[in-house]
Amino acid sequence: MALRSGTRLLICVLFLANPCGSWGGEAQPRSRVFSGNARPRNIILMIGDGMGISTLTAGKVAKGKLALEDFPVGGFVTTWSEDDLVTDSAAGATAYATGKKTRNGRLSIAADGALLRTIVEEARARGMKTGVIATSTVTHATPAAFLAHHEDRDCEFDIAGQEAASGVDLLMGGGRKHFRPYAEDVCEDAKPPCDKGAGKENLIVNMKKDGYCYLSDLESFDGDCGGSTKLLALLAECEMDEAPGREPALAEMTGFALDFLSNVSRDSGFFLMIEGSQIDWAGHERDSSWQIAEMVDFDDAVASAHAFAKERGDTLLVVISDHETGGYAVTGGDLSKGRVTGKYLSGGKTKEATHTAQMVPLLASGPGSAAFGGIHDNTEIGELLFKLLAIGPD
């Protein structure tokens, strides 16, 4: 007998809330899932900026099988900001970084101007090592929300100064020019310094004096960076290249960072945020082929992180999106050839596609992952991460 549509929906939601995937018993309440051995030593948060369900679908058709398919826990996330049903990346990332909503355009700062404590700040206060990776500039909205507090996400020189002073143990991605004195020919669309005091110093030199090993490419890494326990890897002048030709690929950046952080955090554990930044940019440009290439690049990085987490057994891996971009839909293709036809709800020939308010996918694996099953608001993800840090490993 065919199930009515409402029954099918209820069953799907219940299944997502049950991380074991079984039909018997009850899903654990979120307040009870952190007992016993559900205490991660390390937390990896991976954000596919702009990644919606259709992006996952397109990636699966193109790749055949996604690394994300091996995750035992799944769910969905609502993404709206404090002042708009449709969030931007600054407010979306702030929800994950702080567990609080803010207005679009703001980075970990409340509507009343109060600074919102970030998960990176909390992890550092608890003695953990921390890291942030992005394929955009490291001063772009999503990485910036974890390391800086600012009312304007476009003030990248100001943000670079805050990131340089943040104490983060690993910072990797594009945006070298924002860490040097401001020049007129700086990255396209980037604003000049917003504060008169910003953009005057060579922050790379300052960070090297503070003990950072600096790399402009991963090939120059000498194995131990002279014993340094902090790493600044600015791999491009502006944003990094597009996939699939990006060098290094996000998977290589991820593996490198995990090796570095696991070596310097033997007794403390670490928190690492990894962003696949350009899924969103491809969506804005209404470029389905580019979007699929970025999704595959991101999923390859997920595979690297998941292999690390499964081998150790003490690492929580959460994969999520800050919002969907473009109302992207898979409208055709060929499974045998891995070919996808995609269309966009918003935008046009002379207009960029915009973000949407669709729920986005959530996948989790490892100790503590049971709490992430089901439907959440974006602030709940940040709250859960803070709770996990408060409990700490056994």
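The basis for the numbers below is simple: all heavy atoms, side chains too, and nothing from hydrogens, waters or symmetry mates. Being a predicted model, the structure only gives us computed values, none of them experimental.
Looking only at distances, no side-chain donor or acceptor of Asp217 sits under 3.5 Å from a matching main-chain atom of Leu235. At least one donor-acceptor pair closer than 3.5 Å links the side chain of Gln162 to the backbone N or O of His149. Remark: the backbone N or O of Ser166 is paired with a side-chain donor or acceptor of Arg124 at under 3.5 angstrom. Under the 3.5 Å distance criterion, the side-chain polar atoms of Ser346 are left unmatched by any main-chain donor or acceptor of Ala353. No donor-acceptor pair under 3.5 Å is formed between the side chain of Ser268 and the backbone N or O of Met128. Here the side chain of Glu151 pairs no donor or acceptor atom with the backbone of Gly105 at under 3.5 angstrom. Using modelled atom types, no side-chain atom of Glu163 and backbone atom of Leu147 make a donor-acceptor pair closer than 3.5 Å. A donor-acceptor contact shorter than 3.5 Å is absent between the side chain of Lys177 and the backbone of Ala183. Remark: the backbone N or O of Ala293 is not paired with any side-chain donor or acceptor of Asp297 at under 3.5 angstrom. Between the Thr102 side chain and the Ile109 main chain, a donor and an acceptor come within less than 3.5 Å of each other.
Of all the heavy atoms in Tyr212 and Asp169, the pair that sits closest is CE2-O, 4.4 Å. Asn378 approaches Ala95 most closely through the heavy-atom pair CG-CB, 3.5 Å. Of all heavy-atom pairs spanning Thr87 and Ala91, the tightest one is OG1-CB, 3.5 Å. Pairing each heavy atom of Phe146 with each of Val120, the nearest pair is O-CB, 3.4 Å. Among all heavy-atom pairs drawn from Ser108 and Thr118, the shortest one is OG-CG2, 3.6 Å. Closest heavy-atom contact between Thr139 and Phe179: CG2-CE1, 4.0 Å.
A side-chain donor from one of Asp322 and Ser89 sits under 3.5 Å from a side-chain acceptor of the other. In this model, a donor atom of one side chain and an acceptor atom of the other lie less than 3.5 Å apart for Gln291 and Thr55.
Ala309 is linked by a side-chain contact (heavy atoms from CB on, under 4.5 Å) to Thr315, counting only residues two or more places apart in sequence or in another chain. Remark: Asp158 engages no residue in a salt bridge (Lys or Arg N to Asp or Glu O under 4.0 Å) (not counting sequence neighbours). Remark: Lys337 pairs with Asp334, Arg339 by the side-chain contact (heavy atoms from CB on, under 4.5 Å) rule, at least two apart or across chains. Among residues two or more places apart in sequence or in another chain, the side-chain contact (heavy atoms from CB on, under 4.5 Å) test is passed with Asp83 by Ser81, Arg103, Asn104. Applying the side-chain contact (heavy atoms from CB on, under 4.5 Å) rule to Ala110 yields the partners Asp112, Ala114, Leu116; only residues at least two apart in sequence or on another chain are considered. By the salt bridge (Lys or Arg N to Asp or Glu O under 4.0 Å) test, Glu252 pairs with no residue at all, sequence neighbours left out. With sequence neighbours left out, the salt bridge (Lys or Arg N to Asp or Glu O under 4.0 Å) criterion links Glu82 to no other residue. Contacts of Lys208 classified as salt bridge (Lys or Arg N to Asp or Glu O under 4.0 Å), with partners at least two apart in sequence or in another chain: none.
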Next item on the list: Give the intermediate values and the outcome of salt bridge (Lys or Arg N to Asp or Glu O under 4.0 Å) for residues Glu380 and Lys387.
Entry: CA-CA 10 Å; Glu380 290 184 277; Lys387 287 179 182 178; over 6 Å; no
Next item on the list: Determine, stepwise, if the pair Asp314 / Arg39 fulfils salt bridge (Lys or Arg N to Asp or Glu O under 4.0 Å).
Entry: CA-CA 8 Å; Asp314 63 355; Arg39 301 182 180 189; over 6 Å; no
Check: Passes side-chain contact (heavy atoms from CB on, under 4.5 Å), His178 versus Thr137? Steps please.
Finding: CA-CA 9 Å; His178 294 116; Thr137 59; 4.1 Å; yes
Margin query: Determine whether Gln358 and Ile53 satisfy the following criterion, side-chain contact (heavy atoms from CB on, under 4.5 Å), listing intermediate values before the conclusion.
Written below: CA-CA 9 Å; Gln358 296 177 27; Ile53 296 296; over 6 Å; no
Note to self: Run the side-chain contact (heavy atoms from CB on, under 4.5 Å) test on Gln278 and Arg246 for me, step by step, so that the C-alpha distance in whole Å, both residues' side-chain angles and the decisive distance to 0.1 Å come before the verdict.
What the structure shows: CA-CA 11 Å; Gln278 297 189 38; Arg246 181 182 299 122; 3.5 Å; yes
Item checked: Test salt bridge (Lys or Arg N to Asp or Glu O under 4.0 Å) applied to Arg106 and Asp152, step by step -> CA-CA 6 Å; Arg106 295 193 169 206; Asp152 186 349; over 6 Å; no
Next item on the list: Any chance you could lay out the side-chain hydrogen bond (donor to acceptor under 3.5 Å, both in side chains) test for Thr356 and His323, step after step, and finish with the verdict?
Entry: CA-CA 7 Å; Thr356 70; His323 56 76; over 6 Å; no
Note to self: Set out, in order, the CA-CA distance, both residues' side-chain angles and the distance that settles side-chain contact (heavy atoms from CB on, under 4.5 Å) for Leu250 and Asp300, then state yes or no.
What the structure shows: CA-CA 8 Å; Leu250 187 56; Asp300 289 345; over 6 Å; no
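For the pair Glu237 and Arg180, the minimum side-chain heavy-atom distance is below 4.5 Å. Within the 4.5 Å cutoff, the side chain of Phe308 has heavy atoms near those of the Ile44 side chain. Inter-residue side-chain proximity for Val302 and Met46 is flagged as met; some heavy-atom pair is nearer than 4.5 Å. Side-chain contact check for Leu215 versus Leu232: every heavy-atom pair is 4.5 Å or farther apart. A heavy-atom distance below 4.5 Å is found between the side chains of Leu218 and Met172. Lys191 is not listed as a side-chain neighbour of Glu156, based on a closest heavy-atom distance of 4.5 Å or more. Counting heavy atoms from C-beta on, the side chains of Ile279 and Thr325 never come closer than 4.5 Å. Taking the side chain as every heavy atom from C-beta outward, Met273 and Thr142 approach each other to under 4.5 Å.
Listed by chain and number, the hydrophobic cluster partners of Val340 are Val61, Ile292, Val296, Tyr328, Val330, Leu335, Tyr344, where partners are ILVMFWY side chains within reach of under 4.5 Å, directly or through others.
Summarising the local packing, NZ of Lys196 is surrounded by 12 or fewer heavy atoms from other residues, nucleotides or ligands at distances under 6.0 Å. The environment of Lys100 atom NZ is sparse: at most 12 non-hydrogen atoms of other residues, nucleotides or ligands sit within 6.0 angstrom.
For residues 53-73, the ring pair (Phe, Tyr, Trp, His ring centres under 6.0 Å) pairs, not counting sequence neighbours, are Phe71-His306. Residues in residues 231-259 take part in these ring pair (Phe, Tyr, Trp, His ring centres under 6.0 Å) pairs, two or more places apart or across chains: Phe221-Phe256. Within the structure, the ring pair (Phe, Tyr, Trp, His ring centres under 6.0 Å) test picks out the following pairs touching residues 275-300 (sequence neighbours left out): His140-Trp281, His284-His355.
Here the CD atom belonging to Glu122 is positioned 12.0 Å from the OG1 atom belonging to Thr98, to the nearest 0.5 angstrom. A distance of 5.5 Å separates OG in Ser265 from CG in Asn42, rounded to the nearest 0.5 Å. Separating the NE2 atom in His376 from the CG atom in Leu362 is a distance of 5.5 Å, to the nearest 0.5 Å.
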